[in-house]
Amino acid sequence: MILLSVGAGTAALSAPEVCRELSERGHRLEVVLERGARHFVGPAAFSGHATVVEEPTGTPEATLFCPATAGTLARLARGLGGGSAALVLSGKRSVVVLPQLDSGTAVHPAVQGNLELLRGDGCRVLGNYAGDETSLLGVASAVLRELGGPMSGQRVVVTAGGTREPIDSVRFVGNRSSGKMGAAVAREAVRRGAEVSVVAANVQGVEPGVRWVAVETVEELRRETLKLCGAADVLVMAAAVSDFAPAGAVSEKIRRGSRDRIALELTATADVLQEVREACPGLFVVGFAATHGDPVADSREKLRKKGVDLMVGNDISRPGVGFGAEENEVYLVGAGGFGERFVPRGPKSEVASVILDALMLELDKKREVAAHGRKNRSELHD
Ligand code: CTP
């Protein structure tokens, strides 16, 4: 059970959202509304995702203070007990704190001292809540990371959506990718405790709990992906990247005039996957193969040709699955021990879960092989 202690501050308004996020990832939540919190949010706002209690019914696996006032910080840091602080102090559990302090309070030496004490005690203290959407995004994922998961410590980059290459100031060459498959993979990786960055090409909305980098063109996607992959363990290349871009995009709107035909010259774009593969040889890479028809042969061939560790093939000619759809059906081909597997039609969240199972298995295998190689080399030198 995760305990969410809601303090008196405007961040309490977003506490139900954080709660929903955690409950949708399969966790049971209990909520304690600290004194004054009811001025901001009532118990009804948590219904369906958590039970609002006076006292927690058991010892939580993790406790989140969202928000924590200066008073809560002091109680927690100085062992003053009272409210949820008493429970946290009674057992060393994972604690995540989102302080909400006005600028004067935030710099007060006593408050700074309390924050230092909490950090020293192993609490995860997040940045002061600044009243914006983005400072709340990391809250749920910080809790998930604190709980630890099979992917904790892994830095995963996911590309999602479809790139757009401008023809003129209003038109572009694009594709039908909605970014739903990439978002589902990112969500599942967060749920398993990974630190996730999403390079999102023209995707609606923002996936909470991840670092979200919005891009539009192949060049922007290439630049941001390469930048992030330098410090990553895994890349999941789910984005549909335009293979061609207009040769000479114009900055104004092309007018129809009296023409009844216009020729558009396209030139090949960069192969992002290939560039990342060359720049980061040790990175574990998952590729996607969009095939019009049976994906088996294409997935096998692209796995080999692109030098990736796992290939996810899908038949884009089938209605109701793949591009833009809520469901998918894929064929997985692994380079190591996973082998091959057909994943039947299902919600993208379920397909994402199977992809991540395969990814973790292949990743373990790859690391095992690398460690074995190192051992053999060192024995040769001895
Ligand atoms: N990809 C990429 N850069 C491109 C095109 C594709 O990084 N310019 C990546 C995709 O994100 C995907 C993988 O390569 O993970 C395979 O994409 P796909 O479109 O299936 O294959 P292509 O390489 O474009 O080959 P083809 O068009 O011949 O099927």
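Numbers here are sequence positions counted from 1. Note that the structure is a prediction, hence the values are computed from the model and not measured. Keep in mind that the numbers below use all heavy atoms, side chains included, and drop hydrogens, waters and symmetry copies.
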Exercise for review: Check the hydrophobic clustering (I, L, V, M, F, W, Y; side-chain heavy atoms under 4.5 Å; chains of links allowed) and say if Val18 and Val96 are grouped together.
Suggested key: yes
Exercise for review: Examine the side chains of Glu34 and Thr72 and answer whether a donor and an acceptor come within less than 3.5 Å of each other.
Suggested key: no
Review point. So do the side chains of Asp364 and Met360 get within less than 4.5 Å of each other, counting heavy atoms only?
Key: no
Exercise for review: Spell out, as yes or no, whether a donor-acceptor pair under 3.5 Å connects the side chain of Arg155 to the backbone of Ala231.
Suggested key: yes
Check your understanding: Counting N and O atoms only, with roles assigned by atom type, does the side chain of Glu275 sit under 3.5 Å from a partner on the main chain of Leu226, one being a donor and the other an acceptor?
Key -> no
Point to revise | Any donor-acceptor pair under 3.5 Å from Asp168 side chain to Val170 backbone | key: yes
Exercise for review: Please indicate whether Lys365 has more than 12 foreign heavy atoms, meaning atoms of other residues, nucleotides or ligands, lying under 6.0 Å from its NZ.
Suggested key: no
Point to revise | Stepwise salt bridge (Lys or Arg N to Asp or Glu O under 4.0 Å) test for Asp271 and Lys306 | key: CA-CA 10 Å; Asp271 187 327; Lys306 293 190 175 255; 3.2 Å; yes
Review point. Could you walk me through whether Glu21 and Leu144 pass the side-chain contact (heavy atoms from CB on, under 4.5 Å) check?
Key: CA-CA 10 Å; Glu21 217 26 76; Leu144 294 166; over 6 Å; no
Review point. For Thr217 and Phe172, what are the C-alpha separation, side-chain angles and deciding distance, and is it a side-chain contact (heavy atoms from CB on, under 4.5 Å)?
Key: CA-CA 10 Å; Thr217 61; Phe172 57 81; over 6 Å; no
Check your understanding: Does the side chain of Leu359 come within less than 4.5 Å of Leu356's, by heavy atoms?
Key -> yes
**Study point:** Side-chain heavy atoms of Val286 within contact of Val185, under 4.5 Å
**Key:** no
**Study point:** Hphob cluster co-occupancy, Val199 + Ile355, side-chain heavy atoms under 4.5 angstrom
**Key:** no
Practice item. Give the minimum heavy-atom separation between Asp315 and Gly293, together with the two atoms involved. Key: OD1-N, 2.9 Å
Review point. Measuring from Leu33:CG to Glu54:CD, what's the distance to the nearest 0.5 Å?
Key: 8.5 Å
Point to revise | Donor-acceptor pair, side chain of Thr159 and main chain of Ala239, under 3.5 angstrom | key: yes
Check your understanding: Roughly how far apart are Glu146 CD and Arg124 CZ, rounded to 0.5 Å?
Key -> 5.0 Å
**Study point:** side-chain contact (heavy atoms from CB on, under 4.5 Å) assessment of Met181 paired with Val351
**Key:** CA-CA 9 Å; Met181 194 61 239; Val351 175; 4.0 Å; yes
Review point. Do Val272 and Val234 share a hydrophobic cluster, counting only Ile, Leu, Val, Met, Phe, Trp and Tyr and linking them when any side-chain heavy atoms are less than 4.5 Å apart?
Key: no
Point to revise | CZ (Arg119) with more than 12 external heavy atoms under 6.0 Å | key: yes
Check your understanding: Roughly how far, to the nearest 0.5 Å, is the CG atom of Leu3 from the CD atom of Glu55?
Key -> 9.5 Å
Exercise for review: Provide the closest heavy-atom pair for Leu22 versus Ala140 in the form atom of the first, atom of the second, distance.
Suggested key: CD2-O, 3.6 Å
Exercise for review: Group every Ile, Leu, Val, Met, Phe, Trp and Tyr by side-chain heavy-atom contacts under 4.5 Å, then state whether Leu115 and Val97 land in the same group.
Suggested key: yes
Review point. Going by atom types alone, do Arg192 and Ser353 pair a side-chain donor with an acceptor below 3.5 Å?
Key: yes
Practice item. Specify the closest pair of heavy atoms between Ile316 and Ala290, including all atoms of both residues, with the distance to one decimal. Key: CG2-CB, 4.0 Å
Review point. Does a side-chain heavy-atom distance below 4.5 Å link Val139 with Glu17?
Key: no
Check your understanding: Ignoring hydrogens and geometry, is there a side-chain-to-backbone donor-acceptor pair from Ser152 to Gly193 under 3.5 Å?
Key -> no
Exercise for review: Working to the nearest 0.5 Å, report the span between CZ of Arg75 and CG of Asn114.
Suggested key: 11.0 Å
Review point. Does any N or O in the side chain of Lys302 come within less than 3.5 Å of the main-chain N or O of Phe288, such that one atom is a donor and the other an acceptor?
Key: no
Check your understanding: Is any NZ, NE, NH1 or NH2 atom of the basic residue among Arg223 and Glu220 found under 4.0 Å from an Asp or Glu carboxylate oxygen of the other?
Key -> no
Check your understanding: Heavy-atom distance under 4.5 Å between the side chains of Gln154 and Leu363, does that happen here?
Key -> yes
Point to revise | Candidate pair Thr163 and Ser242, rule side chain to side chain donor-acceptor pair (under 3.5 Å), full reasoning | key: CA-CA 6 Å; Thr163 54; Ser242 317; 2.6 Å; yes
Review point. Between the main-chain N or O of Arg255 and the side-chain N or O of Arg259, is there a donor-acceptor pair closer than 3.5 Å?
Key: yes
Review point. If you take all heavy atoms of Ser299 and Val333, which pair is closest and at what distance?
Key: CB-CG2, 3.7 Å
Exercise for review: Assess whether atom CZ of Arg345 is packed by more than 12 heavy atoms of other residues, nucleotides or ligands within 6.0 Å.
Suggested key: yes
Practice item. Please lay out, stage by stage, how Leu228 and Arg211 fare under the test side-chain contact (heavy atoms from CB on, under 4.5 Å). Key: CA-CA 10 Å; Leu228 287 166; Arg211 178 162 165 200; 3.8 Å; yes
Check your understanding: Shortest non-hydrogen contact from Phe40 to Ala8?
Key -> CE1-C, 3.6 Å
Exercise for review: For Glu362 and Gly336, indicate whether the former's side chain and the latter's backbone hold a donor-acceptor pair under 3.5 Å.
Suggested key: yes
Check your understanding: Is Val156 close to Asp233 at the side-chain level, that is, under 4.5 Å between some pair of heavy atoms?
Key -> no
Review point. For the atom pair SG (Cys229) and CD (Glu224), what is the distance rounded to the nearest 0.5 Å?
Key: 11.0 Å
Check your understanding: Name the one of Arg367, Arg304, Arg277 that satisfies salt bridge (Lys or Arg N to Asp or Glu O under 4.0 Å) with Asp309?
Key -> Arg277
Review point. In Å, rounded to the nearest 0.5 Å, how long is the span from CG of Leu303 to CG of Asp298?
Key: 11.5 Å
Review point. Are the side chain of Gln100 and the backbone N or O of Ala11 linked by a donor-acceptor pair below 3.5 Å?
Key: yes
**Study point:** Cluster link Tyr129 to Leu126, ILVMFWY, side chain under 4.5 Å
**Key:** yes
Exercise for review: For residues Leu76 and Cys123, determine if any side-chain heavy atom of one lies less than 4.5 Å from a side-chain heavy atom of the other.
Suggested key: no
Practice item. Heavy atoms only: give me the nearest Arg78-Ala110 pair and the separation to one decimal. Key: NH2-O, 4.1 Å
**Study point:** Any donor-acceptor N/O pair, Arg341 side chain to Val330 backbone, under 3.5 Å
**Key:** no
Practice item. Report yes if some heavy atom in the side chain of Phe46 is under 4.5 Å from a heavy atom in the side chain of Val41; otherwise report no. Key: yes
